[in-house]
Amino acid sequence: AKKDTGSAVRVFEPEMDRVESERRSLEVELRRAVIEREFELHYQPIMSVKTGRLRGFEALIRWRHPSRGLVPPADFIPLAEEAGLIEQMGEWVLFEACRQAVDWPGHLIVAVNVSARQFGSDRLVGTVRNALDESGLAAERLEVEITESVLLNDTQDNIEVLQQLRALNARIALDDFGTGYSSMGYLAKFPFNRIKIDRSFVRDIGDNKSSQAVIRAIVSLGSSLGMDITAEGVENADQLEVLISENCSDLQGYLFSPPIPRQDLHRVIEAYCGP
Ligand code: C2E
Ligand code: CA
Ligand code: CA
Ligand code: CA
């Protein structure tokens, strides 16, 4: 499809070149954004089923772009990984999340997403230790979220990183569970504190009997291993009812709240933590 780019030459430029040059200019902007610190964290409440109250927040990065507005992570995280910027970005996320969480009521946790590339680097454990030290956040209030993909290679190395994080007293959550290639057998092998059931299973509750069976199986095995179980992407009361009856321990989703900027957090904390 031709697009009017305002230049006769560019109109005939092959589509691939256009995509590639857009990618490159976005990469230049992303490098600038890392230096100028154009990122901010939004926080989504994690609700405890048992208490009906707030368990903590998941930190989710956004790019406050000077002209594009608020850019969601799906539009820049993959590029940041490719461009080798993800480690720097991920370190900022860890420090920033710890610095902010230390001001919340002491029983609330903060969950931070760590990309596969960042997890595979030698620096992660040191960064976590420094972020905890610098902020003064109690380690057990930090939960590191990783996806199954990090577990596929170098299994022994990965287990060691997880054990070192646990040795710091930080918590570890397995994110998006059920979407990757790993089997239930992985759960017993790695020291997770929490499993997050991917929102695709939650979405299919009601029109798909098998998704509820998968949820039941994950809860059963995870709980027997002493892990907390979060269901992600809870959007309606029907899903809520099923997830409670299937004994999920924690819930996250638009039904409770979307991710919100830090300046609005106090309202959620007041509403969900009680007086
Ligand atoms: P995720 O870790 O699975 O985060 C959950 C995503 O689901 C978030 O999208 C959240 O806004 C969205 N969500 C929450 N509740 C609902 C719901 O009820 N329905 C639906 N449809 N969506 C819901 P977001 O913030 O756009 O983040 C997308 C992904 O980007 C994250 O998926 C995570 O993989 C990645 N990401 C976000 N922040 C970071 C970060 O600081 N570091 C790294 N490495 N990755 C990040
Ligand atoms: Ca996550
Ligand atoms: Ca997830
Ligand atoms: Ca995801």
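When a ligand or atom number is given, it counts from 1 through the structure's own listing order. Just so it is clear, the values below take in all heavy atoms, side chains as well, and ignore hydrogens, waters and symmetry mates.
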Pair R23 + E20: basic N to acidic O under 4.0 Å: yes

R68 with E38: basic N within carboxylate O range, under 4.0 Å: no

Per [atom], closest listed option by heavy atom ([options]):
| atom | options | value |
| --- | --- | --- |
| atom 17 (C) of ligand 1 | W92, F39, Y254 | Y254 |
| atom 27 (O) of ligand 1 | A231, P73, A111 | P73 |
| atom 10 (C) of ligand 1 | I77, D198, L60, L94 | L60 |

Identify, by atom number and element, the atoms of ligand 1 in contact range of [X], meaning under 4.0 Å from any of its heavy atoms.
| X | answer |
| --- | --- |
| E235 | 17 (C), 18 (O), 19 (N), 20 (C), 21 (N) |
| P259 | 11 (O) |
| V93 | 41 (O) |
| D176 | 3 (O) |
| Q44 | 14 (C), 15 (N) |
| G233 | 16 (C), 17 (C), 18 (O) |
| S115 | 44 (N) |
| E58 | 2 (O), 4 (O) |

Y43 side chain near W104 side chain, heavy-atom distance below 4.5 Å: yes

Side chain to side chain, I215 and I205, heavy atoms closer than 4.5 Å: yes

Step-by-step side chain to side chain donor-acceptor pair (under 3.5 Å) determination, H42 to E40: CA-CA 7 Å; H42 286 199; E40 56 188 70; 2.9 Å; yes

CG-CD1 distance between L251 and I244, expressed to the nearest 0.5 angstrom: 6.0 Å

CG-CZ distance between L124 and R129, expressed to the nearest 0.5 angstrom: 10.5 Å

Sole residue of R55, R194, R166 in salt bridge (Lys or Arg N to Asp or Glu O under 4.0 Å) with E143: R194

The Ca ion (ligand 3) reached by E232 (N, O or S, under 3.0 Å): yes

For the student: nearest non-hydrogen atoms of F76 and L30, plus distance: O-CD2, 3.9 Å

Nearest to the Ca ion (ligand 2) - the N/O/S atom of E58, by atom name: OE2

E145: its N/O/S atom lying closest to the Ca ion (ligand 2) (atom name): OE1

Which bit of [X] is near ligand 1, meaning a heavy atom under 4.0 Å away: side chain, backbone, both or neither?
| X | result |
| --- | --- |
| R62 | side chain |
| V234 | backbone |
| E232 | side chain |
| K196 | neither |

N113 near the Ca ion (ligand 2) via N/O/S, less than 3.0 Å: yes

Salt bridge (Lys or Arg N to Asp or Glu O under 4.0 Å): pairs with one or both residues in residues 96-108, sequence neighbours excluded: E96-R99, E96-R262, R99-E134

For a quick test of your reading: what N or O donor-acceptor pairs under 3.5 Å do the side chains of residues 217-228 make, sequence neighbours left out?
from	atom 1	to	atom 2	distance (Å)
S223	OG	V219	O	2.5
S224	OG	S220	O	3.4
S224	OG	L221	O	2.8
D228	OD2	R171	NH2	3.0

If I apply the N/O under 3.5 Å rule, does [X] come out as touching ligand 1?
| X | result |
| --- | --- |
| Q252 | no |
| L41 | no |
| E145 | no |

Side chain to side chain contact (heavy atoms under 4.5 Å, CB included) partner of F39, the single match among H65, R62, R64, M89: M89

Flag if over 12 foreign heavy atoms under 6.0 Å of CG, D207: yes

Q88, CD atom: more than 12 neighbouring heavy atoms under 6.0 Å: no

D175, N/O/S atom nearest the Ca ion (ligand 3): OD1

Considering only N, O or S atoms of D176, the one closest to the Ca ion (ligand 3): OD1

